[in-house]
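Okay, structure first, notes after.
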Amino acid sequence: MAEGPSTLESSSQVDNEKSYSYLPQTYWGLDPLHRAFVKMFIRDVLEMDNYPGHPALNVYAYKNHPISRVDLLGWVVRVEEREKLFNYAIDDGTGVIGCTCWKPRVQSTTGKGLIDDNDYSTTGASTSANSAEQEFVEFLASKMQEIKKCVRQLRQPVKLGDLLHVRGRIKSYRGRREVGAAYFHLVVDPTCSTEIRRTMEQLQLYQDFYDVPFQLPRCQEGGDSSEAGVVKSLQDAIANFLSTNSTVLNFEIKELATVDSLMAIVQKARKENDSTINAKQVFSLFTRAVGGLEELGIVYKSDKDNLYVVIDRDATLESSVLDIVRRESQKPKYSESGCHYRHILDCLRTNHRFSGVSPNVVVHILDKLESQSDVISTSENYYIAF
Amino acid sequence: MARNLPDNGQVVRICEIFQRGSEELDGQAVRVMGKLETHDIVVCTAELSNVERTQNSSPHQQLTVNTRLIEPFQARLGSIFQMIGETEFTTRGPLLHARLVKCVDGIDTAVYYKVLDMQRQYFKQRLVLHV
């Protein structure tokens with residue numbers, strides 16, 4: 001099975017038949033899961049191995065996704081309080097993991113903590129500046145109270161059996177895997193609806209995103225030696241050749257094979273693939289490339305065998321399309337809104353010469369005529385001429 | 001010092017505890033959900049009855065729970081509770097040594113068990129793909 005081009009380190013796991021193409025570190029940023037707090041089952045967090053090739057970093061591999069941060073929701077089954085942190089063990093039904101939740105480092109002030117606003121000496125008549133100051137001072141005081149309340153809450157340990165939502169990095173502490181929480185919050189969930197919803201969400205996420213191995217987007221330049229890449233690059237080269245050589249009006253596939261530059265591409269692909277390509281395969285490659293061009297609308301197949309006509313240089317095609325549009329626009333049915341391009345295509349195809357024309361060709365011609373102001377586009381895909 | 005973590009409490013139905021028996025679940029930590037039928041605070045026992053509606057479970061199946069570690073808890077007879085603890089298969093049947101309890105009145109049990117089944121199926125599927 002052809003994998004992406006950057007299969008630098010692919011290790012096959014013991015219990016897997018399929019080996020994933022693990023990415024080099026420079027490409028990790030392209031994976032959306034890399035720095036996201038990935039919602040996973042705790043069982044997976046514990047079972048994940050280090051990303052192959054980087055044993056020292058705290059980056060783990062889930063089916064070739066590099067994961068360093070997780071988002072967990074579970075029951076607190078053990079609470080340990082230290083001076084600066086809490087260590088909770090979280091159980092979500094699939095596994096138990098310890099989470100290190102740091103206490104806020106705000107120093108607790110002595111006393112009630114209200115800002116003493118008697119310091120501000122108020123002169124007899126309170127000017128507007130002073131009252132604004134007063135308001136600001138009161139506002140600050142209320143904000144301070146709120147912050148103190150939050151800090152006090154965070155200082156209190158979560159009780160056993162509470163639901164805790166934790167987001168943090170996966171760490172290894174004394175040989176054991178832990179989560180160093182950057183965010184933790186007690187969730188009030190009396191009817192378990194949050195837990196249930198979360199499990200459903202996780203199942204969806206797993207099936208849609210995590211289980212799909214990350215694939216690098218294909219690079220455009222001809223680094224791809226798979227067949228599809230060769231055909232694509234051949235197609236581009238032929239298009240290039242046709243546009244630069246204005247003398248070419250029509251061609252057969254066999255004539256294309258005589259062109260040096262095009263054959264060079266095939267040769268290069270053959271060398272990369274390290275296989276012998278015979279004439280028949282070359283012919284099939286060219287046919288596919290020209291087929292692609294046909295679909296794009298650059299060439300079309302005429303009724304004479306194997307002859308492909310370049311539409312940009314075919315004056316008769318252009319003039320016949322224009323005639324058709326003019327003729328059809330006279331009819332009362334089309335005189336108001338114009339003809340749909342497919343209708344024009346049908347009329348064109350009645351002509352024996354143009355029976356192999358694809359819709360894209362017609363679109364191409366109509367665009368050209370429109371830019372020459374010979375036809376007018378009344379609405380999308382509808383054209384009219386006078 | 002960091003002690004060993006408590007065992008993971010896998011979610012099971014009460015009828016499954018009876019079905020699977022001691023070979024699979026003895027000593028294992030589980031999470032069960034049931035309606036509190038009896039509660040004796042002196043002897044520290046309680047009984048949870050089945051709230052699932054599958055074919056082979058009946059409301060008469062009751063799981064005995066040793067509540068020594070969680071007393072006193074807000075025990076209302078007839079409320080639905082979720083408990084995590086270790087199972088022990090005694091001569092008188094399965095016994096759950098509960099270490100955590102939570103009242104989940106108002107839970108949608110049908111959805112809860114349906115999601116549990118979906119999760120189990122997903123894990124089973126994953127195992128099949130790996131092997």
> About how many Å separate CH2 of A:Trp75 and NZ of B:Lys102, when rounded to the nearest 0.5 Å?
Replying inline: 5.5 Å
> Can you say whether A:Ile42 sits under 4.5 Å from chain B via the side chain, the backbone, both, or neither, judging by heavy atoms?
Replying inline: neither
> Say you draw a straight line from CG of B:Leu100 to CG of A:Asp162; how long is it, rounded to the nearest 0.5 Å?
Replying inline: 9.5 Å
>> Taking atom CZ as the centre, does B:Arg120 end up with more than 12 heavy-atom neighbours from other residues, nucleotides or ligands that are less than 6.0 angstrom away?
In response: yes
> Top residue by heavy-atom pair count (under 4.5 Å) with chain A, among B:Met118, B:Gln82, B:Lys114?
Replying inline: B:Gln82
> More than 12 foreign heavy atoms under 6.0 Å from CZ of A:Phe209: is that the case here?
Replying inline: no
>> Quick check for you: among B:Ile70, B:Asp105, B:Leu116, B:Asp108, which has the greatest number of heavy-atom pairs under 4.5 Å with chain A?
In response: B:Asp105
>> Which atoms of B:Tyr122 are under 4.5 Å from chain A, going by heavy atoms: the side chain, the backbone, both sets, or neither?
In response: side chain
> Looking at A:Thr94, A:Thr199, A:Leu160, which makes the most heavy-atom pairs under 4.5 Å with chain B?
Replying inline: A:Thr94
> Could you state the interatomic distance from OH (B:Tyr113) to CD1 (A:Ile196), rounded to the nearest 0.5 Å?
Replying inline: 10.5 Å
> Under a 4.0 Å N-O cut-off, is there an ion pair linking A:Glu195 with B:Arg31?
Replying inline: yes
> So which of A:Asp92, A:Asp189, A:Asp44 has the largest heavy-atom pair count under 4.5 angstrom toward chain B?
Replying inline: A:Asp44
> Which atom pair, heavy atoms only, marks the closest approach of B:Ile107 to A:Cys192?
Replying inline: CD1-CB, 3.6 Å
>> Between A:Ala89, A:Gly95, A:Gly93, who has the most heavy-atom pairs with chain B when the cutoff is under 4.5 Å?
In response: A:Gly93
>> With a sphere of 6.0 Å drawn around CD of B:Gln121, does it hold more than 12 non-hydrogen atoms of other residues, nucleotides or ligands?
In response: no
> OH/A:Tyr206 to CD/B:Gln125 distance, rounded to the nearest 0.5 angstrom?
Replying inline: 14.0 Å
